[in-house]
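Okay, structure first, notes after.
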There are 2 protein chains.
Amino acid sequence: MGEVFRVATYNCNSIRTRLPLILKWLAANRPDVLCLQETKVPDEEFPADAFREAGYHVVFRGQKGGAGVAIASLAAPDDVSFGLDDGGPPDEARLVRATVRGIPVVNTYVPQGRSPDHPMFRYKLEWLARLRDYFDRHFSPAEPLLWCGDFNVAPEEIDVHNPVRLKHHVDFHPEARAALERIREWGFVDVFRRHHPNEPGQYTFWDYRVPRALERNLGWRVDHIWATPPLAERSVDAWIDREARRAEKPSDHTFLVAEFKLPPG
Amino acid sequence: MGEVFRVATYNCNSIRTRLPLILKWLAANRPDVLCLQETKVPDEEFPADAFREAGYHVVFRGQKGGAGVAIASLAAPDDVSFGLDDGGPPDEARLVRATVRGIPVVNTYVPQGRSPDHPMFRYKLEWLARLRDYFDRHFSPAEPLLWCGDFNVAPEEIDVHNPVRLKHHVDFHPEARAALERIREWGFVDVFRRHHPNEPGQYTFWDYRVPRALERNLGWRVDHIWATPPLAERSVDAWIDREARRAEKPSDHTFLVAEFKLPPG
DNA sequence: GTACAGGGCG
DNA sequence: CGCCCTGTAC
């Protein structure tokens, strides 16, 4: 037989502002794991009690200047750690890792990069290279592993509403896409795309500044759930919950969800 | 015989932040007139629709740098005007006047004065002198008239929690009290005090910066409803609604309410 | 467009 | 303490 394992990722763009929406979504969807990015709170202000009252464990790492990541889970998480551990800047508010029901989950908020000529863009490319190394040092593509989060990269032309005009945007820049491709080659499957091959217009982010971006579907697919092959093969479905982007005070991103059929026990 | 006319005043300290609280209070209390101060919005951002949906007319004058006044009324207002009209700075965001059901209402947000040695304190004293002249030019103490608002003056020792220590505060300064007394002498009755003579500890403002000011009742009575004698004689009750200061996101002030029995018609 | 930080203010 | 503002980031 086997049990369903439901995973979701959401760039909440302030956990303070989005807490009611997240609690409602958790109650309605009850995922085994929810990965959050851009929580934008220092740890002492993270609303951990609200998650516990909703029946979730939660681990998190934030700071004052933005960023911030968290993993909420129905089962208690094991082997929790934060940041890249290669001797470079650990950037702990951008990476949290936890093992839930035996499955290692890495949740990242990849640096956005500001503009192609800004030092932050070099840092983004370097960060993705360091992340590939991180997977290589800690995991094997032959074993189950989940990588979730806001990757700040749209992998393919199909993943942006205007691939020509956006060619030099930091989230669709050839160098950013190549850096992401290096990680995919290490051994990941794009779980959403596995269930929706060649489907255009499937986005997880719509820029607040673009008028009526959601209605006109002028979006980007920059949030992802990727899995190593032994886990990806067990995926049964994946979807984007656009309704959450139509809520009262929505984030500019929305929820991405994937389901896996796990062996019993 | 006769109908009740209920008037309220509230320094909301940002109409944007306080709108939910105000709408709830209006629904529960249904005053004929609500005078608001420190709306802190330019006119194009005043939430007039929300008042209309609550069944209220509303007139208002605001600006970018703070201040801002409004009069909401169940009946349509007549003779609406803004500011002092004596050739000096009109300061329109500090005075709104409207006639409701035949009763002229002047709603003011008197300048606070910053400190006794600051030019703004001289401006405050001058403003109160100009206001006395304004009443003299437009009205007669022999006719009904209401003056409501944040006067930024506690008239008597009984109206502050520590009259000795606060002697030189701009809101209890002898010169400010004298300037207010000049207006009272023109022909006003302090309606709240008429119904609560010699009652200490009756305040409408508690400084945010004083820890647990409300619980310790370290307040000030600086918000007022004053009436000319023919109207004051018809007042039947007046009270301070401290509950609104215990709400979710309260202002540092609270609502002051007065009721009048008007002749039929 | 939305939310942060930091500074001014009462 | 909790508004305003300005500037910055995405």
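We name chains A, B, ... by the order of the sequence lines, and we start the count at 1 in each one.
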In this structure, how many angstroms lie between the [atom2] atom of [N] and the [atom1] atom of [X], rounded?
{"X": "B:L214", "N": "D:dC1", "atom1": "CG", "atom2": "P", "answer": "15 Å"}
{"X": "B:Q63", "N": "D:dC4", "atom1": "CD", "atom2": "P", "answer": "13 Å"}
{"X": "A:E38", "N": "D:dT8", "atom1": "CD", "atom2": "C1'", "answer": "13 Å"}
{"X": "B:R245", "N": "D:dC1", "atom1": "CZ", "atom2": "C1'", "answer": "9 Å"}

Does [N] have OP1 or OP2 under 4.0 Å away from a side-chain N or O of [X]?
{"X": "B:K64", "N": "D:dT6", "value": "yes"}
{"X": "A:S14", "N": "C:dC4", "value": "yes"}
{"X": "B:R209", "N": "D:dG2", "value": "no"}
{"X": "A:R18", "N": "C:dA3", "value": "yes"}
{"X": "B:S251", "N": "D:dC3", "value": "no"}

Closest-nucleotide ordering on DNA chain C, the 5'-leading residue of A:K40 and A:D252: A:D252

On DNA chain C, check which nucleotide each of B:Y109 and A:Y208 is closest to and give me the residue with the more 5' one. A:Y208

Any salt bridge linking B:R193 with B:D159? Criterion: basic side-chain nitrogen under 4.0 Å from a carboxylate oxygen. yes

Main-chain N/O of A:L84 paired to A:D91 side chain as donor or acceptor, under 3.5 Å: no

Using salt bridge (charged side-chain N to carboxylate O under 4.0 Å, His left out) as the criterion, point out the one residue from B:K40, B:R16, B:K64 that pairs with B:E45. B:R16

Test B:V191 against B:W226 for side-chain contact (heavy atoms from CB on, under 4.5 Å), laying out the working first. CA-CA 5 Å; B:V191 175; B:W226 284 16; 5.7 Å; no

